[in-house]
Each structure stands twice: as structure tokens, then as C-alpha cells.
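Index from 1, following the sequence.
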Amino acid sequence: MRQQLQEEAKRLVAPLVPRFSAGRARVRLGVNTAIHDDTAAELESFARPLWGLAPLAAGEGEVPHAELWQRGLAAGTDPGHPEYWGEPGDRDQRIVEMAAIGFALALAPGTFWDPLTGPERDRLARWLLSALPRETADNNWHFFPVLIGLGLDRVGVTYDHEPVAARLARLETFWLGDGWYSDGPTERRDYYVPWAMHFYGLLHARLTGKGDHFRERAARFALDFRHWFADDGAAVPYGRSLTYRWAQAAFWGALPFAGVDVLPWGEVKGYLLRHLRWWQGRPVTGPDGLLSIGYGYPQPALAEQYNAPGSPYWSLKAFLPLALPAAHPFWTAREEPAPTLPAVSAQTHPGAILMRAGGDVTLLAGRQHHAWVRHGAEKYAKFAYSSRFGFSLPNGTLGLRQGAYDSMLALSDDGGAHHRVREEPVDPETMADTVRSTWRPWPDVEITTWLTAAPPWHLRRHRIRTARALHTAEGAFAVDRDAGVDRSSGTGHARAGATAGLSGIRDLDGLREGEVVDCLPGTNVLARRTALPLLTGRLPPGEHWLRCAVLGTGNGPEAEAAWRQPPTPGDGT
């Protein structure tokens with residue numbers, strides 16, 4: 001298996017070779033639409049493959065075309081060369097990619113430092129040093145100067161360590177306990193916790209011989225993080241930077257690299273290898289073999305503002321175990337299947353309920369938000385995220401057809417032309433099987449939502465207090481439109497099934513006048529659509545309750561049985 005992963009790393013990098021510039025410092029993969037300049041984007045395409053090539057070299061594997069990166073390091077750091085990468089400024093994308101170069105020097109100086117001449121080394125060192133005093137984003141970016149410092153330490157370059165120590169001190173303020181960080185002073189606790197905060201901390205612990213607290217924290221986090229992976233290796237698609245794909249499992253490779261044996265090596269190995277196998281054969285590359293922007297297939301709409309053509313090569317972080325010798329117990333252990341885990345895992349720090357059924361994982365979300373990234377509401381604030389179904393992004397702003405509001409409650413005050421959804425939950429609470437949050441799509445509309453696990457179903461309850469008349473549409477999961485969708489609906493329920501799985505929604509209130517439960521027009525999103533007038537009588541003026549149950553599962557007899565036995569309003573609500 002180790003040899004297979006070595007060959008896979010080489011295969012992923014091979015299509016980059018003809019894209020190197022004449023001076024070898026730029027790798028040009030296409031049009032850059034990110035918020036940073038073209039030079040930084042071409043540096044990114046040059047540097048990010050090092051996340052896989054450096055472990056390959058450190059583990060005594062052959063690095064094809066290593067001379068391209070050696071010549072590129074010499075040219076890109078030479079102010080007199082036309083392909084010079086430029087000085088890093090504050091919050092500069094160059095700092096991100098300089099960290100990958102620091103990582104390469106720390107792991108494999110024989111490949112990426114020793115072949116350079118004395119003057120070339122001096123220029124590379126000077127260029128890396130120039131990043132240390134620069135301002136960074138106040139989040140996982142504080143680790144980038146730390147990684148640069150690890151590379152400089154390994155090759156014997158002296159520098160003032162105080163700025164790096166200050167970075168580590170600031171990172172400590174993001175520690176939440178129980179294995180969890182936040183990504184800066186924010187509510188974000190997504191994949192940047194495993195593939196950045198823990199990953200970099202474990203690199204630091206292994207390469208410095210210090211920082212046992214990083215190992216202890218990662219050991220605790222592993223017990224929660226395993227709930228995010230389905231039996232077939234799929235991870236729950238959630239949060240930003242999903243185009244980094246199998247970096248989702250990089251944490252499982254960092255554990256053996258740093259010697260964290262909290263779980264049997266065969267179990268850890270299984271999490272990583274099943275995840276990598278899940279990605280095999282998925283159309284994530286173009287005809288030229290280059291990794292695309294997207295998740296399960298090319299989808300430019302998924303990109304963040306900072307995603308350039310080379311961004312997906314961050315995924316090569318998953319190959320860190322290649323730095324371990326073949327005799328390491330991670331490699332010699334027999335891969336073990338996913339163990340039996342509890343059906344429901346309540347995780348307070350991310351504000352999530354993870355539920356398992358039929359080998360799949362569904363995350364019920366109630367806490368996180370990120371207004372800055374593109375489609376932040378869709379990536380963080382939907383009600384449910386499934387390892388089987390993924391999620392949809394809107395392709396416009398008009399009506400339900402363009403919104404495609406799967407796993408959302410969409411509300412309109414203009415008759416259905418425009419809708420608002422949960423974007424920023426407040427006052428969240430995570431209980432044993434339920435996550436609750438309050439949200440305000442308008443100043444005079446307050447909604448409290450309870451999401452309760454009842455695998456393979458989940459229950460939704462909304463208390464809506466409104467000073468305006470509203471139309472609502474509540475979506476279930478979106479099924480694969482290319483797999484031959486079979487739709488059906490009846491009184492208060494609808495379902496859509498395909499080869500990839502079955503999604504269904506059932507009304508638990510009894511139909512209101514004018515309510516429709518069916519498939520959203522022009523989409524494969526099931527929804528319950530309800531008009532909410534201003535009410536008076538037994539309820540406080542303007543207060544409404546909506547309850548439904550949503551099913552997301554595979555196909556077959558077990559799915560049909562689950563559909564015939566839905567939960568009831570008494571099941572947790």
C-alpha cells in the first residue's frame with residue numbers, strides 16, 4: 001500500500017510538469033480568478049505539490065523531475081530574475097505558499113536545499129525570512145511563519161525566534177478544549193481544525209521534539225473526528241475550502257507522523273485509506289489530468305475568493321505518511337474496517353449532532369457561520385449535511401428554482417420572488433440528540449429551530465415569530481439528478497429516489513390550507529411549501545410552528561422500511 005500511495009502522489013503531480021515556465025518558478029494552470037495576483041497564483045501551483053513531494057522524498061521515494069522545483073526555488077527567490085515571486089506583504093498569499101516551502105526544507109533538505117548553490121541558498125533564506133514579521137490573518141495563518149521557521153531551522157539558518165513564539169502564543173488563544181480549536185476568534189470549527197490547526201501542531205511537535213500538548217489535543221480530537229467519516233470513507237462535506245478534497249483525511253496521516261497512538265494503527269490506517277479509495281474514480285480532474293475546482297466533480301461555483309487553479313493541490317497533505325519508513329507500524333498494521341460507533345454523537349464545540357445510519361453520516365448543524373466566503377450560508381448554515389447527498393448551491397436569486405434550498409427553510413415576504421434562509425445562528429445549544437439555534441432573516445422575524453437526530457431520519461421544529469406575512473419552503477436532501485430520479489408525493493409527504501439514495505420529507509403538523517409537499521420546480525429538492533399569514537387566537541400574534549421529518553438514506557429494502565415507519569412529533573420534539 002505504501003508503494004501504491006507513492007505512485008498516486010507521482011500521478012497527481014505529473015500533469016503539472018509541462019506547465020512549468022521557462023525559469024521553472026511559475027506553474028501556469030489556467031486563468032486566475034482569485035483575489036490575489038497572478039504571480040501569487042502561479043507560486044501556489046508551484047508550492048502546493050510540495051505537501052506530497054516532500055514526504056515522498058523524506059521516505060526515500062523517488063521524486064520525478066525534482067530539478068524543476070530546485071531550479072524554481074533558485075529563480076523565484078532571485079530579485080534579479082524575471083520570474084521572481086516578489087516580496088510578501090501583510091496578509092499576502094505568498095506567506096501561505098512559503099509555508100509549504102518551509103515544510104519541504106524541514107522534511108527533505110537533501111532534495112530541496114542541498115542541490116542549490118551557496119548564493120541560491122542565501123537568496124532563498126532571505127526571501128523566507130522576509131515573511132516572519134509580516135501580518136497574517138488572525139486564524140490558522142499564524143502557523144505559516146512557524147512552518148517557515150521549521151524549514152530555516154533544519155537547514156541551519158539563524159533568525160529571531162521571538163516572532164514565531166508570539167505566533168504560537170496567539171494560536172493558544174484559539175484552543176477550546178476537548179480536542180477542539182476555533183479557526184481564529186470566530187465560530188468556525190470546520191475542516192481547518194484537523195487539516196490546519198492539528199496538522200501543523202503535529203508537524204511542529206514531531207520536527208522540534210517539543211509540544212506534547214499538540215499530541216495530547218490531537219488524541220482527544222480523534223475520538224470526535226472519526227464520527228465525521230462514513231463506513232465507505234466519505235467525509236461529510238461541510239464548510240469552506242472543500243476543493244481541497246482528500247485533505248479532509250490528512251489528520252489521520254499526521255497522527256502516525258507525530259507518534260500519536262490514541263487508536264490502533266490499523267483503525268487509523270483504515271480512515272485514511274478508505275477516504276482515499278472513496279475519491280478514486282470520481283471526476284475531479286479535467287482531460288489534462290489537472291485537479292479541478294469543485295468537490296465530487298468540477299464545479300467553479302464552489303470556489304472561495306482565494307481559490308486559484310492550483311489551490312486543489314492542498315489535497316496532497318493526505319500523503320504525509322509517505323515520510324514514515326516502510327517498517328513503521330502504520331504501514332505494517334493490517335487495515336481495519338470502521339468500528340461500530342454510537343448512532344448519535346453530540347459535539348458541543350462545533351455545535352453539531354453527528355448521526356449514523358446504514359453506514360452514512362449526517363451532520364445536523366446549529367452553530368457555525370461564515371458570511372465572508374462565497375455561499376457561506378450553504379456551506380455552514382444548512383440544517384443537515386450528508387456524506388451521501390452533499391449539498392446544493394444557488395444558481396441565481398429569483399425563486400425556488402434558482403435557490404435550490406435543500407436542507408433549508410427558505411422564507412419570502414414578496415410572494416416567492418426572493419427568499420431568505422438561516423445565515424448566522426445565535427444563542428446555539430447542543431444537547432444529547434438535538435441542536436437548537438435562533439436566527440433572524442428580517443429584524444421583525446425571529447425563528448428558533450430544533451434539529452433532532454432519529455437515524456436515518458431527523459426531525460425539524462421551527463417556532464416562527466413574525467410581524468409580516470410569509471411564504472416558506474422547507475427542503476429535504478437533493479438527490480443525484482443523473483441517476484434516474486423516481487419521484488412521488490401524497491398527502492403531506494414526498495420522496496425522490498435514485499441509485500445514489502432516497503430522500504423524503506413528511507409533514508408532522510397536519511396540512512395547512514394551501515400547503516404543498518412535493519419537489520421544488522425544476523430541481524430534485526423535496527420541499528414543504530407553506531403560507532404563513534399573521535395569526536391571532538390561541539397562539540401569540542404572529543407565532544407559528546412548523547414540524548417535519550426528513551429522511552436521507554441509501555436505497556433498498558431497509559430504506560423502504562424506514563420510509564414506511566417515520567418518526568412522530570413525540571420523538572424528541
Salt bridge (charged side-chain N to carboxylate O under 4.0 Å, His left out) between Arg94 and Glu97: does it pass, once the steps are laid out? CA-CA 5 Å; Arg94 288 165 179 78; Glu97 314 316 328; over 6 Å; no
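- Cation-pi geometry between Arg547 and Trp450 is not met at under 6.0 angstrom from the ring centre and within 45 degrees of the axis.
- Residues passing the side-chain hydrogen bond (donor to acceptor under 3.5 Å, both in side chains) test with Glu135 are Arg91, sequence neighbours excluded.
- Side chain of Asp183 to main chain of Arg188: no donor-acceptor pair is present (N/O by atom type, distance under 3.5 Å, no hydrogens or angles).
- Aromatic rings of Tyr191 and Tyr238 (six-membered ring for Trp) have centroids beyond the 6.0 Å cut-off, not under it.
- Between Leu302 and Lys379 the shortest side-chain heavy-atom distance falls below 4.5 Å.
- Side-chain contact, Thr448 with Thr438: a donor N or O sits under 3.5 Å from an acceptor N or O.
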Carefully, step by step, assess Arg436 and Asp427 under the rule salt bridge (charged side-chain N to carboxylate O under 4.0 Å, His left out). CA-CA 8 Å; Arg436 175 192 59 78; Asp427 189 29; 3.5 Å; yes
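- Taking the six-membered ring where tryptophan is involved, the planes of Tyr380 and His370 are tilted, since the angle between them lies from 30° to 60°.
- Of all heavy-atom pairs spanning Gln248 and Val236, the tightest one is NE2-O, 4.0 Å.
- Checked by atom type, the side-chain pair Glu44/Ser311 shows a donor-acceptor distance below 3.5 Å.
- For the ring-ring contact (aromatic ring centres under 6.0 Å, His included) criterion with Phe251, the lone passing option out of Phe225, Phe199, Trp228, Tyr200 is Phe225.
- Side chains of Arg422 and Thr449: a donor-acceptor N/O pair is absent below 3.5 angstrom, by distance only.
- Ring orientation note: the planes of Trp563 and Trp457 are close to parallel, at an angle under 30° on the 30°/60° scale.
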Working note: Phe221 + Trp180, criterion ring-ring contact (aromatic ring centres under 6.0 Å, His included); need CA distance, chi angles, decisive distance, verdict. CA-CA 6 Å; Phe221 179 77; Trp180 284 88; 4.9 Å; yes
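- Donor-acceptor pairing under 3.5 Å is lacking for the side chains of Glu474 and Thr472.
- With Thr285 contributing its side chain and Gly289 its backbone, the two residues share no donor-acceptor pair below 3.5 Å.
- By the 4.5 Å heavy-atom criterion applied to side chains, Glu42 and Val27 are not counted as neighbours.
- A cation-pi arrangement, defined by a distance under 6.0 Å to the six-membered ring centre and an angle within 45 degrees of its axis, is absent between Lys317 and Tyr244.
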Would you check, one step at a time, whether the test ring-ring contact (aromatic ring centres under 6.0 Å, His included) holds for Phe391 with His375? CA-CA 11 Å; Phe391 63 86; His375 300 299; 9.3 Å; no
